[in-house]
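This structure is a prediction, so every number in the text was calculated from the model and none was measured. To find a chain, count down the sequence lines: A is the first, B the second, and so on, and within it residues start at 1.
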Number of protein chains: 2
Amino acid sequence: MITLTEENYIKAIYHLSSNGEKTVNTNAIASAMQTKASSVTDMIKKLSEKNYADYKKYQGVTLTDDGRRVAVNIIRKHRLWEVFLVEKLNFSWDEVHEVAEHLEHIKSDKLINELDAFLEFPTHDPHGDPIPDKEGNFKHIEKIVLAKAEVGSTYKCVGVDDTSSKFLKYLDSNHIALGTIITVKHKEPYDNSIKLTLENSEIVVSQSVAKNLYLKKI
Amino acid sequence: MITLTEENYIKAIYHLSSNGEKTVNTNAIASAMQTKASSVTDMIKKLSEKNYADYKKYQGVTLTDDGRRVAVNIIRKHRLWEVFLVEKLNFSWDEVHEVAEHLEHIKSDKLINELDAFLEFPTHDPHGDPIPDKEGNFKHIEKIVLAKAEVGSTYKCVGVDDTSSKFLKYLDSNHIALGTIITVKHKEPYDNSIKLTLENSEIVVSQSVAKNLYLKKI
DNA sequence: AAATATTTTTAGACTAATCTAAAAATGTTT
DNA sequence: AAACATTTTTAGATTAGTCTAAAAATATTT
């Protein structure tokens, strides 16, 4: 049996190593998990014994195939629950994360596969992140970050990097949502702020916003 | 903060004391929780410190108002999730219990109240048990057990006492579900078995079945 | 009411996950 | 490459929940 805590560590390692392949160091996990490095060492030993991770002392960890499988399954569950919360239970995209953190640990294949069908097999969650299918395959979207978009081109908003409530509420208040059509009007060399037009408005966003918004050329 | 284990003990005490009022003894809790009496003693001390239970050594426990509030809230969540699983995710009534045991511990008022609304405020779960509303009020149904039904009368099936998969599958295979109309034809004095007619069939059920099926006169 | 049986509690130990503080290994500077 | 800084690991303690085995209280039988 895999514990809730083990699942959370595996998920953290997966995210920190962008897909479980790169090695991740102890301190990075500690700060992601809001715990101490010594606790991390204990846990990665355990994950290694259970064959979810490969670990050599002082050299960091990588996930094994098993570990990656566990991680992808949790991500699948997390994102499907997020879709459910937004589409069926009137949650806004800045409210879903915390609840989904708990729902993702419920263990029932029937539950998650029926939920998937009930939601009509969504491919992306409310933040634009891809939802792996039953076999763990992601649907990849070509996307670029607003900070690197071309002046004069038109894009569709397809995702965010920062999923914090603060950032998502900022987007809401500026009428930016997934699917919003954006034209890049001007990039200010002084501070890298960007002027853009939306359906009915023109706004200027700072560089830190521009770094967290993903677009797709249309 | 209340832990998952504490919640499960509180729920067990509530069920064993039929509404949290009667005192419950240690061994009863131990067997309900599949644990040892010594563990129960430790836990009820803790529940007592946290003011969820009243406890005097060797005298058993009762729930406090706080404890009852916690129990009713968990039962509300459990039963709402059961309705969701059956109505939206194609679970059958014998499959829902185990998953609901986990879902019931997810803590989010918004989640559960929106779920309630999404399901259109159901008053009873798939086994006929009443679902408490936001304030903790149950909708009581007048019901009698089949074993005590009158020969010659007609009833509607409104609930079960035993919610085990075995019993529910037995009912399925005999085409008995919530809402099924039943007429009691004969009660055999020798073994208390009961002959009854359903919509299109006539069957004989044993006393142990008759003790676990709830009816309402129509 | 004394003897016996049952129930409940205590005492002490175990596991999972965490912590602090110190030791060991690795990395970086000069 | 020696000195310093950082990162990682170890050692030992803590907490929640559990266990076994023995002691204490309560209940039942004769």
Practice task
Quick one: label A:Ser39 by what it contacts on the DNA or RNA (base, sugar-phosphate, nothing), any heavy atom closer than 4.0 Å.
Solution key: base
Problem - Below 4.0 Å: OP1/OP2 of D:dT8 and any side-chain N or O of A:Tyr55 - result: no
Fill in the blank from the handout: Nearest heavy-atom contact between A:Leu213 and A:Ile182 is CD2-CD1, 4.2 Å
Problem - Short N-O contact, A:Asp65 and A:Arg68, less than 4.0 angstrom - result: yes
Handout entry: side-chain N/O B:Lys36 vs D:dT20 OP1/OP2, d < 4.0 Å
Key = yes
Fill in the blank from the handout: Assign each of A:Thr35 and B:Thr26 the nucleotide of DNA chain C bearing its closest heavy atom; nearer the 5' end lies the nucleotide of B:Thr26
Problem - Distance-only donor-acceptor test (3.5 Å): side chain A:Ser38, base C:dT20 - result: yes
Can you check nucleotides 22-28 of chain C for protein contacts, nitrogen or oxygen pairs under 3.5 Å, and list what you find?
residue : atom : partner : partner atom : Å
C:dA25  : O4'  : A:Tyr58 : OH           : 3.4

With a cut-off of 3.5 Å and sequence neighbours excluded, list every side-chain donor-acceptor pair involving residues 138-151 of chain B.
residue  : atom : partner  : partner atom : Å
B:Glu150 : OE1  : B:Ser153 : OG           : 3.0
B:Glu150 : OE1  : B:Lys217 : NZ           : 3.1
B:Glu150 : OE2  : B:Lys217 : NZ           : 3.4

Completion exercise
Closest to the side chain of A:Lys45, out of C:dA16, D:dT10, C:dT8, is D:dT10
Handout entry: Members of residues 7-18 of chain A that approach DNA chain D, where some heavy atom sits under 4.0 Å away
Key = none
Exercise for the section: Please determine if a side-chain N or O atom of A:Asn25 lies less than 4.0 Å away from the OP1 or OP2 oxygen of D:dT8. Expected result: yes
Practice task
Looking only at non-hydrogen atoms, find the nearest pair between A:Asn113 and A:Arg76 and report the distance.
Solution key: OD1-NH2, 2.8 Å
Problem - Test: A:Glu98 and B:Lys110 ion pair at under 4.0 Å - result: no
Practice task
Report yes if a side-chain nitrogen or oxygen of A:Asn27 is closer than 4.0 Å to either non-bridging phosphate oxygen (OP1 or OP2) of D:dT8; otherwise report no.
Solution key: yes
Exercise for the section: Look up atom CH2 in B:Trp93 and atom CG in B:Leu171, then write down how far apart they are to the nearest 0.5 Å. Expected result: 5.0 Å
Problem - Gap separating the CE atom of B:Met43 from the OG1 atom of B:Thr41, nearest 0.5 angstrom - result: 11.5 Å
Handout entry: Distance-only donor-acceptor check, side chains B:Thr64 and B:Asp66, under 3.5 Å
Key = no
